[in-house]
Amino acid sequence: MKSHPGKAGTLAGWYQQAASITMAVILIPQIILLLSPTDAGLWFTFHSLISFFPLMQFGIQLTIARQVAFTLETKEYRDEKRNDDFIQLRLGANGIFDLFILTRVIFIAIVVIGLGILILIGQYILPLGKLLPEDSSEAAIAWYFLGFFILTVIYSNFYHGFLEGLGQIYLVNLIRGTFHFLAGCAVIVSLHVTQSIAVMAASQFTCGFLALVCQQRVLNRYFRDHSHTTSKPDWSVMNRLVKVSYPFGLMILGRSMATSIQVPLIGFLLGAESVSPFYVAQKIGLSLKLAASHLTFPQMPYFTRELAAEMWNAARARMSRIVVITVGFSFVTQAFFYLLSPWFVKVWIGPDQYIDHITLIWLSLNFFLISSTRILASFTIASGHNPFVLSSLLFGFISILLCAILAEPFGILGIVWSGLLAGFTTIFWYFPYQGIKLYRKLCAKAII
């Protein structure tokens with residue numbers, strides 16, 4: 001793994017995803033069959049809602065990973081002004097430790113704010129609409145345990161960012177994959193023994209907390225193995241970190257407004273009983289899209305290091321190779337999604353538990369376009385630039401607006417169309433445009 005950390009990161013990412021998919025394959029049909037339609041819809045909707053909480057990180061994790069990779073490879077301190085987002089810190093482990101001290105304060109504040117938002121949603125927002133049953137006490141307990149779980153995930157992302165930048169993302173993926181498996185087993189046992197979404201949520205929180213402890217120990221081991229000195233925190237660096245990070249947060253917010261919002265919108269607009277078929281389809285499609293992204297994410301720190309070391313030929317070769325592989329892999333996986341997932345769901349869960357073929361083909365096209373264009377945006381961001389804030393926010397706002405317009409006459413198909421139409425007007429052309437600009441710059445520098 002240490003000899004080939006990029007490939008190890010991809011394989012470990014697939015291990016993590018295989019563990020998650022295996023548990024989902026076992027768990028989802030049992031939730032649908034053993035719980036009432038209302039409880040099943042609540043479980044799926046709550047999971048979709050808590051997926052928005054990591055947005056509070058506002059791009060800090062991405063900034064940490066990119067900055068750690070840059071600081072680790074930079075050989076000398078440069079006083080000249082740069083035209084990118086990288087911050088000049090002390091070199092090597094010293095600079096990484098300085099970054100650790102500063103960003104830990106930020107993540108503690110994020111968790112505290114997240115706890116307040118969790119209570120606000122549980123007390124004042126969830127009771128609105130048609131989502132909660134008349135006796136909502138068990139639903140409330142499940143909501144708070146799932147909320148505590150996502151807060152532990154957010155804090156573990158603090159350690160994830162450092163380990164990714166250090167080229168040890170394979171360790172993060174191994175840890176998370178193992179605890180995905182353990183959490184799935186715990187939820188399955190809870191489901192069969194109690195058929196209570198509250199107990200299921202408590203089991204998931206416990207496993208998430210243990211995964212956080214493991215990642216914390218791995219990063220602490222790095223600081224023990226690499227000598228470093230402490231220094232007085234430079235709080236001006238924190239201001240710089242926030243300025244660099246908030247565009248990431250806005251970009252991720254826009255993307256989530258167009259994708260993660262779909263399941264909650266179906267629950268609020270069409271009722272909890274309409275959630276399960278689309279949730280199953282989205283879960284399968286997103287899993288296949290994530291499989292393609294595991295080819296990309298482990299490569300980003302090494303691309304950043306090559307830029308920091310001015311290895312232009314290596315950076316250009318890495319970018320062209322990974323883009324071609326990812327686009328081809330995305331096409332194959334989404335073709336399988338359209339052709340084979342109806343048969344799989346029929347065998348897996350039973351008949352009449354899935355979306356229709358027309359909705360499915362549009363959904364698979366949407367996932368393919370997102371994967372194929374996002375890879376180019378990822379390389380642009382890894383180069384120290386983020387021009388995607390406005391396009392991503394417009395993507396999200398247009399998608400939500402179209403959902404409100406199209407959900408009533410077209411149902412779930414209207415929700416899928418809203419994401420596609422929003423993408424064609426914003427990110428599906430702008431992400432490739434910026435990626436091609438970066439590639440041309442690398443070609444020009446490689447020639448020089």
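Computed from a predicted structure; not experimentally measured.
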Of all residues at least two apart in sequence or in a different chain, which pass the side chain to side chain donor-acceptor pair (under 3.5 Å) check with Y15?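 Here the qualifying residues are T178.
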Quick check for you: to the nearest 0.5 Å, what is the distance between [X] atom [atom1] and [Y] atom [atom2]?
X	Y	atom1	atom2	value
L413	L363	CG	CG	10.0 Å
L35	F44	CG	CZ	8.0 Å
Q216	I175	CD	CD1	11.0 Å

Side-chain polar contacts of residues 201-213 - donor-acceptor pairs under 3.5 angstrom, sequence neighbours left out - could you list them?
unit_1, atom_1, unit_2, atom_2, d
S203, OG, S190, OG, 2.7
S203, OG, V199, O, 3.0
Q204, OE1, H47, NE2, 3.3
T206, OG1, A202, O, 3.0

Pair S341, Y354: side-chain N/O donor-acceptor within cut-off below 3.5 Å: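 Result is yes, a qualifying pair exists.
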Side-chain H-bond candidate by donor/acceptor type, Y430 with Q434, under 3.5 Å: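 Present: a donor and an acceptor within the cut-off.
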Taking side chain to side chain contact (heavy atoms under 4.5 Å, CB included) as the test, write out the residues that go with I325, two or more places apart.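 Side chain to side chain contact (heavy atoms under 4.5 Å, CB included) list for I325, sorted by chain: L295, R321.
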Which residues satisfy the side chain to side chain contact (heavy atoms under 4.5 Å, CB included) test with S371, sequence neighbours excluded?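 With sequence neighbours excluded, S371 shows a side chain to side chain contact (heavy atoms under 4.5 Å, CB included) to K289, S330, given in chain and number order.
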Sidechain-backbone polar pair: [X] side chain, [Y] backbone, donor-acceptor under 3.5 Å:
X	Y	answer
S372	L369	no
W143	L118	yes
S399	G396	no

Could you tell me whether the side chain of L394 reaches within less than 4.5 Å of the side chain of I427, counting heavy atoms only?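 I427 does not reach L394 side chain to side chain.
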For the residue pair S383 and T304, establish whether any side-chain heavy-atom pair is separated by less than 4.5 Å.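 They are not in side-chain contact.
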Between Y159 and F162, is the ring pair (Phe, Tyr, Trp, His ring centres under 6.0 Å) condition met? List the steps. CA-CA 5 Å; Y159 298 98; F162 280 91; 7.9 Å; no
Quick check: closest heavy atoms across [X] and [Y], and the distance to 0.1 Å?
X	Y	value
S418	L402	CB-CB, 3.5 Å
H357	P342	CE1-CG, 3.7 Å
I154	F107	O-CE2, 3.3 Å

From CA spacing to verdict: ring pair (Phe, Tyr, Trp, His ring centres under 6.0 Å), Y439, F379: CA-CA 9 Å; Y439 186 75; F379 276 104; 9.7 Å; no
Residues in salt bridge (Lys or Arg N to Asp or Glu O under 4.0 Å) with R318, at least two apart?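 Counting only residues at least two positions away or on another chain, R318 forms a salt bridge (Lys or Arg N to Asp or Glu O under 4.0 Å) with E306.
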By salt bridge (Lys or Arg N to Asp or Glu O under 4.0 Å), which residues pair with R176, not counting sequence neighbours?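 Once residues adjacent in sequence are excluded, R176 has no partner under the salt bridge (Lys or Arg N to Asp or Glu O under 4.0 Å) criterion.
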